[in-house]
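Single-structure report; data block below.
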Protein chains: 12
Amino acid sequence: MSDHVYKLIEIVGSSTEGTDQAIRNAIDKAAGSLRHLDWFEVVETRGHIVDGRIAHYQVKLKVGFRLD
Amino acid sequence: MSDHVYKLIEIVGSSTEGTDQAIRNAIDKAAGSLRHLDWFEVVETRGHIVDGRIAHYQVKLKVGFRLD
Amino acid sequence: MSDHVYKLIEIVGSSTEGTDQAIRNAIDKAAGSLRHLDWFEVVETRGHIVDGRIAHYQVKLKVGFRLD
Amino acid sequence: MSDHVYKLIEIVGSSTEGTDQAIRNAIDKAAGSLRHLDWFEVVETRGHIVDGRIAHYQVKLKVGFRLD
Amino acid sequence: MSDHVYKLIEIVGSSTEGTDQAIRNAIDKAAGSLRHLDWFEVVETRGHIVDGRIAHYQVKLKVGFRLD
Amino acid sequence: MSDHVYKLIEIVGSSTEGTDQAIRNAIDKAAGSLRHLDWFEVVETRGHIVDGRIAHYQVKLKVGFRLD
Amino acid sequence: MSDHVYKLIEIVGSSTEGTDQAIRNAIDKAAGSLRHLDWFEVVETRGHIVDGRIAHYQVKLKVGFRLD
Amino acid sequence: MSDHVYKLIEIVGSSTEGTDQAIRNAIDKAAGSLRHLDWFEVVETRGHIVDGRIAHYQVKLKVGFRLD
Amino acid sequence: MSDHVYKLIEIVGSSTEGTDQAIRNAIDKAAGSLRHLDWFEVVETRGHIVDGRIAHYQVKLKVGFRLD
Amino acid sequence: MSDHVYKLIEIVGSSTEGTDQAIRNAIDKAAGSLRHLDWFEVVETRGHIVDGRIAHYQVKLKVGFRLD
Amino acid sequence: MSDHVYKLIEIVGSSTEGTDQAIRNAIDKAAGSLRHLDWFEVVETRGHIVDGRIAHYQVKLKVGFRLD
Amino acid sequence: MSDHVYKLIEIVGSSTEGTDQAIRNAIDKAAGSLRHLDWFEVVETRGHIVDGRIAHYQVKLKVGFRLD
């Protein structure tokens, strides 16, 4: 009920659509292998440009989850 | 006409849809009680995760408004 | 094949729609006069408020491009 | 149930005892005039020295509370 | 005599003359509505340019005051 | 004897008592599954407030340990 | 009328008189070759000392201007 | 009565007990050789871990004192 | 082909020779247990001094790798 | 002629007049006891307020000087 | 003789050899098109990894040069 | 055996050869007048350019040493 300990991992999600979708892709991936995901914090937003257009939005996140 | 003074407040908007909507929700709330809102600055972007999916995007903003 | 040198410029894109569109507007403008655009990094997100509503989202970016 | 907006205020608590007590003093003061206090974030820890001994610990906090 | 609590507000002063005057304008404004002002901290210095000349210096400050 | 490589993980300890105990709780948890813990660095101190009182102190740490 | 794009350049102005004059010297120089200058942001303030006295104040600025 | 000049030194105090005691140990040491100590600012909090337990808390401080 | 997700780990490499070798030692170690290493970012450079000479250069890195 | 080593000290100058004078007061004091002063870097600008008016501007500087 | 104005550009040099060589490659490139280069400041050090080995060291620099 | 106090000084080493040598030059100088040097932390890396070539690499360090 109290004194929980949480761990944070740092991941980068990418998307051709936009920054929110890049965040969702990162969370989806993390949720595939970790339980008790609790919050995320955006660390950095970048992107890759090809032929003068944005090819990928890239969002670096910290994702926190509770340890059992 | 010149030498105005502005005040900034710090608020956090949340949204189930995405980061832009979280910003709009925060500005809407601030506009309900303050006049002369002039600009905002994003301070931090986070979110809450429930059952492996993003439940809320949370954006911390500073909002500046002119003092009469 | 290697040891390339890149230059970064700093620009601010604005949009009435949202932050992703502000980024795209900035990249579009840069692509009109520079070749070999390779990546961008978001530096700051702000916006202008008029009559209690967001008039423009403004995103400050660094854009990197390869020097010939 | 969702899309809440929060406000943050910045306060400095002081204590002759230590840093945790300085935080508690600040929260106690804030709780005297604000409802729905939800979280705090430590911004800075300093102190005042008199005659070679710590006279006051001073902790600057942001305190977040939900707007109705 | 001890264990005081202080609050900080964030304001922006502007001036056509220079940065020190922009600070004084901000403090003057704050002093018109708040008692027990105790210190300020410069957060950011900017300005507005019109026709190639500085129209306003703008200094963002935090101002601390003692709560009764 | 030399040229060791260390890894850092990021964890958040919480405690109802205070910040030092939150740090100890986090280290205790990490020590349960990792060997050769060597140092920690405090990244952020926050807390949760319920009914106007601090319910949990939360300290985010990086913990470094030597890889075999 | 909307969706403008701005570019920022980084310059250092120096002055024997003081920091405000160093800013003005930098803006004057920029205004000699660039149109539509709109704002500046102070990045860093330094100076050079000769024979125990300040020989030059040096202020590093970002200057923003609208692209046509 | 005015226009004092202060100097800051940077020191690290350590303690087996906790962070407040590490601060006090550092101030005690500084007070042994310097007069007119006036304030301290916490720069960093770290610690050393031995056998899965905290062996020393280490707090890096700046300590300011008035020059005669 | 797109929308990859990357993970970052934080490691410290050490070397008696210099900073570049400390980076290489860290990457070598990481490459022994992780596939698809893609980039690194230097976070901090420190070192240990013994008898007035540098005994180890220590470079803290983030290392990014693609998740399958 | 080459490979010089410099030392930096951190000092705070204060002035009733303004920020540039606070810098000059700090440099004057440092020049009274140190030779080969070469440059300064502004770290922080603050001030003390009494009766709603600025009593002292306080500028924290690093001052660099060449070691013989 | 005085009151010079300097401009800074931001560039990234890369090298297969190491970080110092990446800096030199960036300066060499800048010197090919700009006169009066005066100083550089390292902003960020990164690198690209291929098959578990460092393929390129990448150093982001600001380079300052005097405007005529 | 415990509760040691350390002091940090800030120095800048320069070298015509490279950044590691600039660090070594700074440590050598510090070791000439201080005992018990224990660690260093790199704060900033810069350099001076003459005739389009790097004349000096300059590395700003904090050096920590144990007080008796």
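To find a chain, count down the sequence lines: A is the first, B the second, and so on, and within it residues start at 1.
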What salt bridge (Lys or Arg N to Asp or Glu O under 4.0 Å) pairs are there with at least one residue in residues 12-25 of chain E, not counting sequence neighbours? none
Please output the residues of residues 58-68 of chain E in contact with chain J, using a heavy-atom cutoff of under 4.5 Å, in numerical order. E:V63
Find the distance between CD1 (J:I54) and CD1 (E:I23) and round it off to the nearest 0.5 Å. 6.0 Å
Taking non-hydrogen atoms and a cut-off under 4.5 angstrom, which of residues 33-45 of chain J neighbour chain E? J:T45
Search all heavy atoms of E:A31 against all heavy atoms of J:G52 and return the closest pair with its distance. CB-O, 3.7 Å
